[in-house]
Engineer: 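Got a structure here, written out as structure tokens. Questions coming.
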Amino acid sequence: MSEELRWVTEQLRQSSRESARLEAELIVAHILQKARHELYAHAQELVTPAEHTQICALVERRCQGEPLQYLLGYTEFHGCYLRLTPAVLIPRPETEELVELILARYSNPPADVLDLGTGSGAISIALARAWPQSSFVAVDISVEALALARENAVRNGVAERIRFVWSDWFSAISGKFDLVVSNPPYVRTEYLERAPRELHYEPKAALDGGPEGLDALALIIQESPTYLHAGGALYLEIGSDQGRSVRALLQRTRAFTEIEIYRDLAGYERFARAVRATRCLS
Ligand code: GLN
């Protein structure tokens, strides 16, 4: 098997993959149905021809540019195991940071949370695990995404506290929440067209934010005051060049105070937070 690992690493490196060794280990471990650390204990064992064929098929697809997470069919997000298919966006480390940012702000967890465009369920599931008393509504316009998110919620033991709703943003939602959170599509259409190959494997609806990347953000910002209790907060993931526009959109509603833009670990403006004011600001 150590031979196989070396060979796979070499293949991946040829198509100039960073972290070729790590990816090789993940692919081989996946086909052999072992944990990655077990590969070394079994280093002398041989890979069967059938296993080799399966490994080759994945390596080939990876070299074509298909994201590793879709090949493996899972990813880890904030300590949660999430099954993934091309029906949902691959959760990014930035979104783990969004979860961290939110968790750090609440010593008293909010009772009712709305997650817009839940995709794989990542944000709701991670927050639900951290906040055992909170209830969640997680919406998506994709029925495939909702089915997968529900499966992930079951796997992570939080399904009874997350209601999954098929909805075009707020359209099927009623009631008020203490926290509204979203990682909406915020990439400019024009950027998406010339984006790296890997991005083309992900659902366009989860990435394409229109000409300025602001279509979904503007809609969410405009409508969220209706769905937030006074004092409730809106948290958004945003594009690195959208801080000013998002701040302006939030101000224009005259419904928010404490508007803040935060940077991610890479130093880019990436998150927005605003609190629903008690009454309309003049
Ligand atoms: N951060 C993602 C990317 O640039 C975009 C995610 C999104 O649009 N919500 O690939």
Side-chain angles (χ1 to χ4, degrees), residues 17-19 62 65-71 75-78 82 84-102 114-127 138-142 144-146 148-149 152 167-170 179-224 234-247 249-250 261-274:
R17 299 254 151 254
E18 306 154 25
S19 46
R62 185 68 189 109
E66 200 166 333
L68 182 71
Q69 293 91 333
Y70 288 154
L71 296 180
T75 194
E76 200 218 292
F77 180 85
H78 206 265
L82 297 180
L84 287 187
T85 72
V88 298
L89 189 80
I90 298 166
R92 311 284 202 266
E94 288 84 349
T95 311
E96 291 181 306
E97 281 188 63
L98 174 63
V99 167
E100 278 302 310
L101 182 73
I102 295 171
L114 174 63
D115 173 13
L116 295 166
T118 195
S120 61
I123 295 175
S124 286
I125 292 168
L127 292 176
V139 316
D140 210 285
I141 198 168
S142 153
E144 289 103 325
L146 286 173
L148 189 68
N152 282 329
S167 178
D168 183 3
W169 303 120
F170 294 97
L179 169 62
V180 174
V181 59
S182 184
N183 172 21
Y186 57 70
V187 180
R188 285 190 168 83
T189 308
E190 179 248 347
Y191 173 80
L192 209 53
E193 277 152 16
R194 47 188 177 79
R197 202 159 24 146
E198 293 199 2
L199 227 47
H200 294 287
Y201 286 87
E202 296 187 88
K204 194 163 184 280
L207 289 165
D208 187 352
E212 301 298 324
L214 290 166
D215 288 3
L217 285 165
L219 183 149
I220 292 169
I221 289 169
Q222 193 177 337
E223 297 202 15
S224 56
L234 171 66
Y235 279 84
L236 298 167
E237 186 173 319
I238 63 171
S240 55
D241 57 353
Q242 293 171 340
R244 280 172 63 131
S245 313
V246 167
R247 179 183 289 279
L249 286 167
L250 285 162
I261 305 291
Y262 301 90
R263 290 178 190 273
D264 61 21
L265 287 173
Y268 296 114
E269 291 188 333
R270 183 66 63 198
F271 314 108
R273 168 187 179 263

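Here, residue 1 is the first one in the sequence, and each next residue gets the next number. Atoms within each ligand, like the ligands themselves, are counted from 1 in listed order. Only a predicted model underlies this, so the values are computations on that prediction, with no experimental measurement involved.
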Engineer: Which residue owns the protein heavy atom closest to atom 4 (O) of ligand 1, what's the atom, and how far is it?
Structural biologist: V187 CG2, 4.2 Å
Engineer: Flag R270 as yes when one of its N or O atoms lies below 3.5 Å from any N or O atom of ligand 1, and as no otherwise.
Structural biologist: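 Between R270 and ligand 1, no N or O pair is found under 3.5 Å apart.
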Engineer: Quick one: which ligand 1 atoms are inside 4.0 Å of a heavy atom on P184?
Structural biologist: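 This gives 7 (C), 8 (O), 9 (N) as the contact atoms.
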Engineer: Between E237 and T95, is any side-chain donor less than 3.5 angstrom from a side-chain acceptor?
Structural biologist: yes
Engineer: Around atom 1 (N) of ligand 1, find the nearest protein heavy atom and jot down its residue, atom name and distance.
Structural biologist: Y186 OH, 3.0 Å
Engineer: Tell me if the CD atom of E223 is crowded by more than 12 foreign heavy atoms within 6.0 Å.
Structural biologist: yes
Engineer: Testing the 3.5 Å rule here: is there a donor-acceptor pair between the side chains of N152 and S120?
Structural biologist: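 S120 and N152 do not have a side-chain donor-acceptor pair below 3.5 Å.
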Engineer: One residue to check: E94. Relative to ligand 1, which of side chain, backbone, both or neither has a non-hydrogen atom less than 4.0 Å away?
Structural biologist: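 Contact part for E94 vs ligand 1: neither.
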Engineer: Has the side chain of D264 got a donor or acceptor atom that lies under 3.5 Å from a matching backbone atom of R270?
Structural biologist: no
Engineer: Got the closest protein heavy atom to atom 3 (C) of ligand 1, with its distance?
Structural biologist: R92 NH2, 3.7 Å
Engineer: Short question: side chain of E269, backbone of I261 - any donor-acceptor pair under 3.5 Å?
Structural biologist: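 Looks like no, no N/O pair under 3.5 Å.
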Engineer: Go through ligand 1 atom by atom and flag the ones less than 4.0 Å from a non-hydrogen atom of L199.
Structural biologist: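 Selected atoms, number and element: 10 (O).
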Engineer: Within ligand 1, which atoms have a heavy atom of P185 less than 4.0 Å away?
Structural biologist: 8 (O)
Engineer: Quick one: ring pair (Phe, Tyr, Trp, His ring centres under 6.0 Å) partners of Y70, sequence neighbours excluded?
Structural biologist: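 Residues passing ring pair (Phe, Tyr, Trp, His ring centres under 6.0 Å) with Y70: none at all.
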Engineer: Below 4.5 Å, heavy atoms only, C-beta onward: do L89 and N183 meet side chain to side chain?
Structural biologist: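 Yes, side chains in contact.
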Engineer: I'd like to know if G239 contacts ligand 1, where contact means a heavy-atom distance under 4.0 Å to any ligand atom.
Structural biologist: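 No, that is not the case, since the closest heavy atom of the residue is not under 4.0 Å from the ligand.
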